[in-house]
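Here the structure comes first, spelled out in C-alpha cells, and everything after it is commentary.
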Amino acid sequence: MADEEYEEEFGEDGETARPPRLRLSRRGVGVLVALGALVVGGLGWTVFFSAALDVRGVAVQGLDSGRLTQQDVERALGGTASGPLARVDLDEARAEVAKLPRVASVEVWRGWPHTLRVKVTERRAVAAIQRDGGGFVQVDAGGVEFATEPQPPPGVPVVALQLSRPAQDAVAVIDRPTLVRSAVTVAAGLPPDVAKQAGSLTVYSYDDIRLQLASGATVRWGSAEDTPRKAAVLTALLGQKASNYDVSAPDAPAVSG
C-alpha cells in the first residue's frame with residue numbers, strides 16, 4: 001500500500017483516521033436557530049391560541065347521588081370551560097364547581113386534547129333538620145347544610161329540638177346551632193346499620209340527646225361526647241331485644257324493657 005494511502009486511512013501515527021467533523025458556518029447556525037424558534041413558536045400558538053386544541057367537552061366523575069348532574073357542573077364552570085384547553089384556569093374552574101352546595105371537594109385537570117376533566121365528591125347527609133316552614137334540610141358530617149327537600153333522605157335520622165325548661169333557660173349560653181351540631185355529631189358517628197334504623201334524634205338538652213329507632217326502641221345517648229365509644233357499645237347492645245338502651249355512660253350501659 002502506498003504511503004499516501006496508508007496515511008489517509010490510518011493517519012501518520014498508524015491509528016485509524018477519524019472522519020472529518022461537520023462544521024456549520026455562522027449563517028448555518030443562525031438558520032437552525034431561526035427554524036427552531038419558528039417550530040416552537042408555531043407549537044405555542046397552536047396550543048395556547050388556536051382553536052385546534054379548544055375545550056370540546058367536560059367529563060365529570062363522582063355523580064353518585066343522582067341529585068347533582070353533569071349540567072349542574074357545566075353551568076357552574078360557565079365560560080371557564082371554553083377556549084384553548086391549555087389556557088383554562090384550573091384553580092378558577094375548581095373554585096366555581098366548589099360553590100355548588102352539594103360538592104364537598106373537587107379536582108380539575110386537563111384531558112388532552114379536548115376534554116376538561118372534573119372529579120367531584122358529593123356531600124353525604126348524616127341527618128335532616130325539619131324547618132318550621134316545611135321541608136327537611138340535609139346536613140353532612142361537618143355540619144354543613146347543603147340541600148332542602150320535601151322529605152328527609154332515607155337512612156338518616158331527623159333532628160328535633162324539644163328543650164327542657166332548664167335547657168331553655170340556658171339557651172343563651174348554649175345556642176340552638178350548638179345543640180343541633182351536637183345532634184349531628186351523634187348522627188355522623190352512628191354505624192351504617194344503626195343509622196338505617198334511626199328515625200329521629202331529639203335534643204332535650206346539651207347532655208340529653210335521645211335516638212328513636214324504627215323498631216320503637218329509645219336510645220338514651222347523653223351528650224355528644226365519646227360518640228365513637230357509645231356507638232360501639234350500642235352496636236353490641238342491639239343484639240339484645242329491649243325497648244330502652246342507655247349508653248350515656250358507655251362504661252356502664254343499661255338495657256330495659
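Only heavy atoms go into these numbers, but all of them, side chains included; no hydrogens, no water, no symmetry mates.
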| message | Does any part of the side chain of R220, heavy atoms only, come nearer than 4.5 Å to the side chain of N244, both counted from C-beta? | response | no
| note | CG of L161 to CD of Q130, rounded to nearest 0.5 Å, is 11.5 Å
| Can you name the residues that form a salt bridge (Lys or Arg N to Asp or Glu O under 4.0 Å) with R117, not counting sequence neighbours? | none
| field | Test item: V180 and V203 side chains (from C-beta on) under 4.5 Å apart, heavy atoms | value | no
| Would you find a donor on one side and an acceptor on the other, under 3.5 Å apart, between the side chain of Q70 and the backbone of V58? | yes
| field | Residue pair L116 / L90, side-chain heavy-atom distance below 4.5 Å | value | yes
| request: Determine whether R102 and Q138 make a side-chain contact, defined as any pair of heavy atoms from C-beta on separated by less than 4.5 Å. | output: yes
| query | With a 4.5 Å heavy-atom cut-off, do L77 and V118 have their side chains touching? | reply | yes
| task | Check the hydrophobic clustering (I, L, V, M, F, W, Y; side-chain heavy atoms under 4.5 Å; chains of links allowed) and say if I129 and Y206 are grouped together. | result | yes
| request: Hey, could you give me the CG/CG distance between L213 and L238, rounded to the nearest 0.5 Å? | output: 6.5 Å
| field | Sidechain N-carboxylate O distance under 4.0 Å for R56, D54 | value | no
| message | Distance check, rounded to the nearest 0.5 Å: R94 atom CZ versus T80 atom OG1? | response | 12.0 Å
| said: Assigning hydrophobic clusters by single linkage (Ile, Leu, Val, Met, Phe, Trp, Tyr; side-chain heavy-atom cutoff under 4.5 Å), is V194 placed with V219? | reply: yes
| request: Consider only side-chain heavy atoms of I, L, V, M, F, W and Y, link residues closer than 4.5 Å, and tell whether F136 and V139 are in one cluster. | output: no
| query | Can a salt bridge be assigned to the pair R67 and E122 using a cut-off of 4.0 Å between side-chain N and carboxylate O? | reply | no
Sequence neighbours left out, cut at 3.5 Å: what donor-acceptor pairs do the side chains of residues 221-229 make with other protein atoms?
unit_1	atom_1	unit_2	atom_2	d
S223	OG	E225	N	3.3
T227	OG1	A224	O	2.6
R229	NH2	D251	OD1	3.4

| said: Test of understanding: with side-chain contact (heavy atoms from CB on, under 4.5 Å), list the residues that count as partners of S105, not counting sequence neighbours. | reply: T121
| field | Derivation of the side chain to side chain contact (heavy atoms under 4.5 Å, CB included) call for D193 and T235 | value | CA-CA 9 Å; D193 290 342; T235 301; over 6 Å; no
| Do the side chains of V156 and L201 join up, straight or via other hydrophobic residues, at under 4.5 Å, putting them in one cluster? | no
| Out of curiosity, D64 CG to R124 CZ, how far, rounded to the nearest 0.5 Å? | 12.5 Å
| field | Atom of V233, atom of P250 and distance for their closest heavy-atom approach | value | CG2-O, 3.7 Å
| message | Between V186 and L211, is there a side-chain heavy-atom distance shorter than 4.5 Å? | response | no
| said: If I compare all heavy atoms of V137 with all of R131, which pair ends up nearest, and what's the gap? | reply: CG2-NE, 3.1 Å
| query | Do you know the tightest heavy-atom contact between I209 and S182? | reply | CD1-CB, 4.0 Å
| task | Grab the two heavy atoms, one from P153 and one from A125, that are nearest each other, plus how far apart they are. | result | CG-CB, 4.0 Å
| note | In terms of heavy-atom contacts, L85 and P113 come closest through CD2-O, 3.7 Å
| task | Identify the two heavy atoms, one from S205 and one from L179, that lie closest to each other, and give their separation to 0.1 Å. | result | C-CD2, 4.2 Å
| query | Tell me, do T202 and Q212 make a side-chain contact under 4.5 Å, heavy atoms counted? | reply | no
| Value rounded to 0.5 Å, distance of CG in L237 from CG in L234 | 6.5 Å
| request: Indicate, with yes or no, if V126 and V158 share a hydrophobic cluster defined by side-chain heavy-atom contacts under 4.5 Å among Ile, Leu, Val, Met, Phe, Trp and Tyr. | output: no
